[in-house]
Amino acid sequence: MSPTHNAAAQLLPLAKELDENKVTPGVLGFLVFAAMGLAVWMLMKSMHRHMNKVDFEEQPAGADKAERSSASASSPAPAGPSPAPASPSGGGERRNPGV
């Protein structure tokens, strides 16, 4: 018998013990999962840093309503060019009032 045949004969019982229906991710699966976890952690850290830069001061709800009512009462209607009336024929040339 050859040495290769002896090694295969000794490992054959070990291979029979493995469940053929069981699938495991192995080392590559662990590395991919670890890389994804590291990327998510870095993104969360970056988001936390950016959110700390935001200067947000919330106004009370009553102050917001008072501001809107005073602004709408004091400002006149917007002045600007009035839109051109539609042509009675309905077709033909299109008018552009801005040009």
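Not measured: the values here are computed from a predicted model.
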Residues that Lys22 engages under side chain to side chain contact (heavy atoms under 4.5 Å, CB included), provided they are two or more places apart: Asp19, Thr24
Restricting to side chain to side chain contact (heavy atoms under 4.5 Å, CB included), what partner residues turn up for Met44, sequence neighbours left out? Val40, Met47
Partner set under side chain to side chain donor-acceptor pair (under 3.5 Å) for Asp55, not counting sequence neighbours: none
Listed by chain and number, what are the side chain to side chain contact (heavy atoms under 4.5 Å, CB included) partners of Leu38, not counting sequence neighbours? Trp41, Met42
